[in-house]
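This report concerns only the one structure given below.
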Amino acid sequence: MPRKVKYGVDFDIDEEDDDDVWTDYSDNESNVQVEVEENENIFSADEYTKAGVWRCSICTFDNDEGVVACDICGVFRHPMVNIHSNGNKETDSIEDSSSSEVVRNRKKLNVILKTTELESSFLELEEAGPLSICESTCSSAIEAKSENVMCTLAKQSLGADSECSKNQIKAETATRRSQYRPEKWMNGNREGTLMQLNLAIVGHVDSGKSTLSGRLLNLLGRISEKEMRKFEKEAKSKGKGSFAYAWALDESAEERERGITMTVAVAYFYSKKYHVVILDSPGHRDFVPNMINGANQADAAILVIDASVGAFEAGIDGNRGQTREHAQLIRSFGVDQVIVAINKMDVVEYSKERFDSIKGQLGTFLRGCGFRDSCLTWVPISAMENQNLVTAASDVRLLSWYKGPFLLDAVDSLQPPVRDVSKPLIMPICDVIKSRSVGQVAASGKVEAGALQCGLKVLVMPSGDLATVRSLERDSQPCDITKAGDNVVVCLQGIDVSHVMAGGVLCHPDFPVAVATHLELKVLMLDVAVPVLVGSQMEFHIHHSKEAARVVKILSLLDSKTGKVSKKAPRCLTTKQSALIEVMLDGAVCVEEFANCRALGRVFLRAYGKTAAVGIVTRVI
C-alpha cells in the first residue's frame with residue numbers, strides 16, 4: 001500500500017486490515033460514520049500529534065517509534081496474524097474479548113487516519129452500496145491473482161529465454177568453429193621433415209624403461225660414446241653401474257640417488273618413417289600424477305614388461321602393480337597402438353614359454369582395457385644385451401623361435417596419427433620458463449590443434465591476455481612454423497610473466513577455451529577399494545592441470561555395452577561401473593567438452609594414491 005504522511009507520522013494499512021475494514025463497512029455502513037465522528041476527538045489527542053512516539057492501547061504509555069512492544073505491559077504494537085486451516089484470521093498475542101476489541105478499535109483508527117483520498121473513496125463506496133463493494137473486492141482479487149499468474153509466466157519465460165540464449169550461444173560457437181578456415185601458410189608441407197610421433201615409454205617400476213630409452217638414443221647416435229663413458233664412470237662411482245644408460249635421461253641428483261625416474265624425460269631420435277619424441281615416464285606409484293601430466297601427449301606407447309620371475313607378477317598385481325594402471329591410463333589418453341616390449345629376456349634365458357605365458361596373461365587384461373589384438377605388437381628384447389632393439393636379434397636362443405620385427409621396425413609399423421591442422425589453435429602448456437629480467441616467458445607443450453608462427457597473436461588462458469609469439473623452438477632448434485602434433489617451446493612477449501602458467505592453454509583469440517569449476521563427467525570406475533559417494537574428495541587431472549575436486553552429484557549409472565541409463569541417482573559407484581556424475585573443483589581449469597576437443601576433454605580422478613576413474617567431459621556447467 002502507498003504510504004501517506006499526516007500529522008508528522010507515517011501511517012499505513014496492511015492488506016489484511018483492508019479486508020477487515022471492507023467487511024466491517026459492508027456489514028454496517030452507518031456505524032462507520034458514527035465511529036468517525038466519535039473518534040475525531042481521539043484523533044486530536046496529544047498521543048497522535050507527537051511525532052516519533054506511539055501510545056500503548058492497554059496502559060497508554062508513550063513508546064518510541066522504533067519499539068515493537070510496549071516497555072511497560074509488553075503488548076505488541078502490531079499483533080501478528082495467524083491464518084488457521086479453516087481460513088479465519090485470528091491474533092496470536094491477544095485472545096480474550098477485551099483484547100480483540102482493542103485490536104478492532106486500532107484497525108478502525110488506522111482507517112480514520114487515512115488521507116482525504118481514502119476518505120473520498122469511502123464516500124464513493126458508501127454511495128455504491130454493498131453489492132458494488134462485493135464486486136469491487138472480487139475484481140481486486142481477480143486482478144491480484146491475474147498479476148501473480150502473469151509474474152509466474154514472466155519468470156518461466158525469462159528462464160526459457162535464458163536457456164534459449166545459452167543454446168543459441170552454443171550453437172553460434174559451433175557454427176563459427178565449423179566455418180573456421182585455416183590460413184594458407186598452415187596447410188603447407190614442410191619439406192625434408194618426417195612426421196612427428198610422440199611415443200610414451202610406460203610400465204612398472206624397475207622394468208627398464210629409462211635404460212631402454214638411453215640405449216636406443218645411444219644406438220641411434222643421439223648420445224655420443226664420450227657422453228656414455230662419462231655416465232658409466234659416474235654410475236660406477238655411486239655403486240650403480242647398471243644405471244649408466246638410465247642416467248642419460250634421469251638427470252637430477254635425486255633421481256640418480258634414488259635410482260628411479262620421477263618426472264617425464266623428453267628426448268628424440270629419427271627412424272626411417274618418423275621423427276620420434278620419447279616421453280620416458282616414471283613407473284613408481286608415487287609419481288603417477290607426473291606420468292599423467294607428461295605422457296598424455298602420446299600418440300602411441302611402448303609398454304615395458306620385466307620378464308624376470310616374480311617381477312612381471314608384481315607389476316600385474318591389482319593392488320600395487322603399475323603395469324595395470326599404466327595400461328589403463330594410456331588407453332584413456334586415446335592411445336590405441338601399443339608395442340609390448342618384454343624386457344630382460346636374457347634373465348630367463350630367452351625362454352619362449354615365459355614369453356608366451358606373459359603374452360597370454362597380459363593380453364587378456366589389455367583386451368579388457370579396450371585394446372584390439374591388431375593394434376598390439378609383442379616384441380621380446382634385452383636392453384642391457386642389445387638384443388632385438390634397432391637390428392634383429394643375434395642370440396641364437398631368441399632367433400630359434402622368434403621371427404617377428406625388432407623394436408625399431410615395430411615403431412615404424414605404427415600407423416601415422418591424425419593431426420587437426422584445420423582447427424583453431426589449441427596448445428596446453430606443460431611447462432613454463434620465466435625470465436623476469438627481460439620480461440619474456442617461454443611455454444612448452446604439444447600443439448594439439450592448429451598451427452603457430454612467429455609474430456602470431458595468441459590468447460593465453462585462463463588469464464585471457466593477448467601475447468605475441470616472439471620465437472619458436474622444435475627439438476632445441478629454432479623454427480618459423482609449428483603444426484599440430486609438434487612439441488615446441490613458444491617464447492612470448494607483451495604479457496605479464498605471472499599470467500603464463502603450467503596447466504594453461506594457448507588458443508586462437510577468436511576461439512577462447514572455457515574456464516570452469518563445475519563439470520559433468522562420464523566416467524569408468526577402475527579398481528577402487530572404497531565406493532565413491534556424493535561428497536567424496538578426489539584428485540582431478542586434466543591435460544597438465546591438477547585440482548582438488550568433490551563429487552557433488554551422481555546422476556545415473558550407464559550400461560557398459562549400450563551406454564544407456566540403467567539406473568538413476570545411485571547411492572554409490574563401485575569397481576567397473578560406468579556413470580554420469582558432476583564434480584566441483586577447488587580451482588578453475590581450462591576445459592572443453594570432449595566432442596569439441598579431445599585433448600581438453602579427457603579427465604582422470606585419483607584417490608588414496610590410485611587412479612579411481614577415467615572419463616571425459618560431457619558438459620561444462
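- In this structure, a donor-acceptor pair under 3.5 Å is present between the side chains of Gln196 and Asn487.
- Closest non-hydrogen pair, Ala502 versus Cys430, comes out as CB-O, 3.7 Å.
- The existence of a salt bridge linking Asp420 and Arg598 is excluded, since no basic side-chain nitrogen approaches an acidic carboxylate oxygen closer than 4.0 Å.
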| message | Could you go through Gln328 and Ser332, starting from their C-alpha distance and side-chain angles, then the distance that decides it, and tell me whether this counts as side chain to side chain donor-acceptor pair (under 3.5 Å)? | response | CA-CA 6 Å; Gln328 292 167 336; Ser332 64; over 6 Å; no
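- By the 30° and 60° cut-offs, the orientation of the rings of Tyr270 relative to His275 is tilted.
- Of the N and O atoms on the side chains of Glu582 and His518, at least one donor lies less than 3.5 Å from an acceptor on the other residue.
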| field | Arg474/Asp486 under salt bridge (Lys or Arg N to Asp or Glu O under 4.0 Å): CA gap, chis, key distance, verdict | value | CA-CA 7 Å; Arg474 180 174 178 261; Asp486 293 342; 3.5 Å; yes
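- Defined by atom type and a distance below 3.5 Å, a donor-acceptor pair is missing between the side-chain atoms of Ser578 and Ser560.
- Using a 4.0 Å cut-off between a side-chain N of Lys or Arg and a carboxylate O of Asp or Glu, Lys209 and Asp250 do not qualify as a salt bridge.
- A donor-acceptor contact closer than 3.5 angstrom is absent between the side chains of Thr618 and Glu593.
- Residues Glu232 and Lys226 are not paired through a salt bridge, judged by the lack of any N-O separation under 4.0 Å between the basic side chain and the carboxylate.
- For Trp401 and Phe355, the distance between ring centers is under 6.0 angstrom.
- No side-chain N or O of Ser237 forms a donor-acceptor pair with one of Glu234 less than 3.5 Å apart.
- A salt bridge between Lys610 and Glu325 is absent, with no side-chain N of the basic residue lying under 4.0 Å from a carboxylate O of the acidic one.
- No side-chain donor-acceptor contact under 3.5 Å links Asp306 and Ser207.
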| task | Could you check Glu313 against Arg354 for salt bridge (Lys or Arg N to Asp or Glu O under 4.0 Å), going step by step and ending with a plain yes or no? | result | CA-CA 12 Å; Glu313 288 74 14; Arg354 181 63 173 170; 3.1 Å; yes
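- Environment of NZ in Lys240: crowded, with over 12 heavy atoms of neighbouring residues, nucleotides or ligands closer than 6.0 Å.
- Of the N and O atoms on the side chains of Ser271 and Asp412, at least one donor lies less than 3.5 Å from an acceptor on the other residue.
- Here Arg324 pairs with Asp527 in a salt bridge; the nearest charged N to carboxylate O distance falls below 4.0 Å.
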| said: Quick one, Leu199 with Ile302, criterion side-chain contact (heavy atoms from CB on, under 4.5 Å). Give me CA distance, side-chain angles, the key distance, then yes/no. | reply: CA-CA 7 Å; Leu199 191 64; Ile302 296 179; 3.5 Å; yes
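- Put simply, the side chain of Ile292 reaches to within 4.5 Å of the side chain of Leu329, judged on heavy atoms.
- Both cation-pi conditions hold for Arg331 and Phe371: the charged atom is under 6.0 angstrom from the six-membered ring centre and inside a 45 degree cone around its axis.
- Residues Ser444 and Asp431 bring no donor and acceptor atom of their side chains to less than 3.5 Å of each other.
- Between Tyr274 and Tyr268, the ring center distance fails the sub-6.0 Å criterion.
- Side chains of Glu353 and Ser351: a donor-acceptor N/O pair is present below 3.5 angstrom, by distance only.
- Crowding of Lys273 atom NZ: a count of heavy atoms from other residues, nucleotides or ligands under 6.0 Å exceeding 12.
- For the pair Asp559 and Lys564, the salt-bridge criterion is not met [side-chain N within less than 4.0 Å of a carboxylate O].
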